Chemist: 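A single structure is presented below for examination.
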Amino acid sequence: MLVMKFGGTSVQDAAAIRNVANIVIRERERTPLVVVSACAGVTNALLDVAKKSADGKVEEAVADVAALHDRHAAIAEALFPKTKSRRSDEALALAKNKITQDCRELEKLAQSLAVLQELTPRTLDQFTALGEQWSSLLLSHELLQRGVAVSLIDARKVLVTGNEFTRAAPLFGLTTPRAKEIFLPLLRKGTIVVTQGFIGATENGLTTTIGRDGSDYSAAIFGAALEVEEIQIWTDVDGVLSADPSILPEARRIKLMTFNEAAELAYFGAKVLHPSTILPAIRQNIPVRVLNSKRPEGEGTLITTIAAAPAPCIVKSIAYKEHITIITLKSTRMLMAHGFLARLFEVFAKHQKSIDVIATSEVGVSLTIDNADNLGAIAAELREFAEVRVGQNRAVFCVVGENMKSTRGIASRVFVALDRAGVNVELISFGGSEINLTFVIGDAQIAAAVKCLHDEFFFNVTEWREIFE
Ligand code: ADP
Ligand code: ASP
Ligand code: MG
């Protein structure tokens with residue numbers, strides 16, 4: 001058994017959906033559970049509809065709903081041409097009916113939001129959960145029309161979550177038995193199952209979503225529940241690369257990496273994997289493979305518990321998170337007063353803010369947070385016992401590789417390279433784990449930092465054929 005997750009660009013139009021059907025059919029013998037994202041851009045468009053409605057811009061919202069309807073109806077028409085076959089005619093009628101009905105309800109919802117002028121996270125989830133329903137419907141009918149046994153399962157019957165709408169936490173104890181009960185009998189008789197990523201429901205059946213880009217996480221949750229042999233994440237690049245390819249087109253494919261390395265990279269901004277994806281896979285020790293749906297013959301990146309790489313290629317990849325806020329605090333009390341850090345952490349805990357990077361000295365602390373919500377209130381509370389300086393437009397950089405802490409010379413290579421490129425470093429964190437070296441720079445220096453570190457660590461990459469392409 002296999003989980004195959006396809007991201008938004010992999011199902012963005014009729015040609016892409018046909019291509020996904022080919023990839024899935026090729027793996028038919030391994031009985032795939034197929035998890036899909038919404039067609040590229042659709043979740044954002046649904047969010048816009050909701051926001052415009054709540055702002056009273058109903059006409060714009062209704063026009064956007066019509067555009068979403070037309071885009072999906074056009075995909076259905078391209079996939080299921082009239083009179084091609086009875087299956088094709090049925091698929092067209094079913095898909096168009098569902099899309100039209102959903103869009104009518106969406107319009108009604110938009111009208112009532114405009115009256116209420118209030119948008120709750122719960123209502124937002126009713127909007128955004130539609131994208132995955134449409135894309136999965138289209139893909140399942142495409143498979144059906146090819147004559148394969150396929151079953152479309154509503155993920156909301158399987159993935160049970162808490163009621164933290166828009167970022168709901170999966171309840172594994174309830175989800176795992178449901179996944180076994182609903183998916184397994186179908187897969188065991190050789191039926192391909194198609195379901196949605198990103199969406200779930202509370203125990204009471206209210207629709208939830210598990211956070212932006214969460215389809216990877218859904219795939220891992222289902223894969224772990226079914227103890228599949230592999231979780232495949234199909235996307236629009238050749239695998240996990242040595243840097244973000246949108247900044248550095250020459251970034252190299254990493255053939256093999258460990259769960260820890262992948263988790264660290266995902267957390268520090270490599271969008272190719274959702275940061276939570278790796279955890280369920282680690283728990284069941286299920287390999288994760290990242291693959292390119294535009295080049296399905298490629299090997300992608302295999303993420304497992306493999307042993308460490310040879311010493312010269314300890315560094316596997318670099319990632320960054322931009323638009324970060326840095327907060328620098330100086331204790332207004334005497335030197336060596338105890339309890340300063342405890343008090344400081346209490347403020348962040350109270351505001352449910354997680355701190356990403358931290359460095360301390362005798363008199364002060366610098367730390368970063370990745371969104372500036374509530375910053376005013378947090379700073380005010382901190383000022384009760386510290387001098388506070390806030391800096392914005394920073395980037396957190398993360399250099400990742402197993403055994404970095406115990407390998408001599410890595411830190412010096414990182415900072416000498418940054419110095420040569422004229423990049424100023426404001427905060428450094430190293431030694432917190434074996435596998436990452438993290439530092440903070442200004443947003444404006446991201447490109448220079450990626451380039452110089454890539455040149456430093458991956459220029460000779462051709463020597464390490466077992467790790468890099
Ligand atoms: P999907 O819609 O398939 O989930 P995403 O857009 O979420 O795809 O993730 C794939 C994108 O992640 C790539 O197109 C690439 O621009 C970006 N990315 C950032 N860092 C990396 C990296 N280190 N390796 C590969 N891709 C990366
Ligand atoms: N469609 C959702 C999003 O855009 C989930 C995903 O694509 O993973 O956030
Ligand atoms: Mg993604």
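Please read all numbers here as calculations on a predicted model, not as lab measurements. Just so it is clear, the values below take in all heavy atoms, side chains as well, and ignore hydrogens, waters and symmetry mates. Order of listing sets the numbers, starting from 1, for every ligand and every atom in it. Numbers here are sequence positions counted from 1.
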Chemist: Who's the nearest protein heavy-atom neighbour of atom 6 (C) of ligand 2, and how far?
Modeler: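 Answer for atom 6 (C) of ligand 2: Ser215 OG, 3.3 Å.
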Chemist: Quick check: do Leu46 and Leu106 have side-chain heavy atoms less than 4.5 Å from each other?
Modeler: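 Counting from C-beta outward, Leu46 and Leu106 do come under 4.5 Å.
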Chemist: With atoms numbered from 1 as shown, which atoms in ligand 2 lie under 4.0 angstrom from a non-hydrogen atom of Thr43?
Modeler: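 So the answer, numbered in order with elements, is 1 (N), 2 (C), 3 (C), 4 (O).
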Chemist: Just the distances, no angles: every ligand 1 N or O to protein N or O pair closer than 3.5 Å, one line each.
Modeler:
residue: ligand 1; atom: 2 (O); partner: Gly8; partner atom: N; Å: 3.3
residue: ligand 1; atom: 3 (O); partner: Thr235; partner atom: OG1; Å: 2.8
residue: ligand 1; atom: 4 (O); partner: Lys5; partner atom: NZ; Å: 3.1
residue: ligand 1; atom: 6 (O); partner: Lys271; partner atom: NZ; Å: 2.9
residue: ligand 1; atom: 8 (O); partner: Thr235; partner atom: OG1; Å: 3.1
residue: ligand 1; atom: 12 (O); partner: Val272; partner atom: N; Å: 3.4
residue: ligand 1; atom: 14 (O); partner: Asp236; partner atom: OD1; Å: 2.8
residue: ligand 1; atom: 14 (O); partner: Asp236; partner atom: OD2; Å: 3.4
residue: ligand 1; atom: 23 (N); partner: Leu241; partner atom: O; Å: 3.1
residue: ligand 1; atom: 24 (N); partner: Leu241; partner atom: N; Å: 2.9

Chemist: Ignoring hydrogens and angles, state whether a donor on the side chain of Trp134 or Asp102 is under 3.5 Å from an acceptor on the partner side chain.
Modeler: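 There is such a pair between these side chains.
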Chemist: Given the rule in the salt bridge (charged side-chain N to carboxylate O under 4.0 Å, His left out) test, do Asp356 and Lys321 qualify, once you have shown the distances and angles that lead to the verdict?
Modeler: CA-CA 10 Å; Asp356 281 337; Lys321 266 193 202 173; 3.3 Å; yes
Chemist: To the closest 0.5 Å, what do you measure between SG (Cys452) and CD (Gln445)?
Modeler: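 Those atoms lie 9.5 Å apart.
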Chemist: So, is the end of the Arg178 side chain (NZ or CZ) under 6.0 Å from the ring centre of Phe183 and within 45° of the ring's axis?
Modeler: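 No, a cation-pi geometry is absent between Arg178 and Phe183.
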Chemist: Counting N and O atoms only, with roles assigned by atom type, does the side chain of Thr304 sit under 3.5 Å from a partner on the main chain of Pro287, one being a donor and the other an acceptor?
Modeler: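 Looks like no, no N/O pair under 3.5 Å.
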Chemist: Any N or O on Ser37 sitting closer than 3.5 Å to an N or O of ligand 2?
Modeler: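 Among all N and O atoms of Ser37, at least one is under 3.5 Å from an N or O of ligand 2.
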Chemist: By the definition salt bridge (Lys or Arg N to Asp or Glu O under 4.0 Å), identify the one residue from Glu299, Glu229, Glu230, Glu27 that meets it with Arg289.
Modeler: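 Filter result, single survivor: Glu230.
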Chemist: Below a 4.0 angstrom heavy-atom separation, can you tell me which part of Glu132, side chain or backbone, both or neither, approaches ligand 2?
Modeler: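 The side chain, only.
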Chemist: Any Lys/Arg nitrogen of Lys255 or Glu469 sitting under 4.0 Å from an Asp/Glu carboxylate oxygen of the other?
Modeler: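 Glu469 and Lys255: not salt-bridged.
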Chemist: Return a yes/no value for Lys5: is any of its N or O atoms, backbone included, closer than 3.5 angstrom to an N or O of ligand 2?
Modeler: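 No, no N or O pair falls under 3.5 Å.
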Chemist: May I ask you to check whether Phe397 and Phe268 place their ring centres under 6.0 Å from each other?
Modeler: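 Ring-ring flag for Phe268/Phe397: false, centres at least 6.0 Å apart.
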Chemist: Within the structure, is a non-hydrogen atom of Gly8 found at a distance of less than 4.0 Å from ligand 2?
Modeler: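 No, Gly8 has no heavy atom closer than 4.0 Å to ligand 2.
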Chemist: Counting each atom of ligand 2 from 1 as listed, which ones have a heavy atom of Arg212 under 4.0 Å away?
Modeler: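 It comes down to these atoms of ligand 2: 3 (C), 4 (O), 9 (O).
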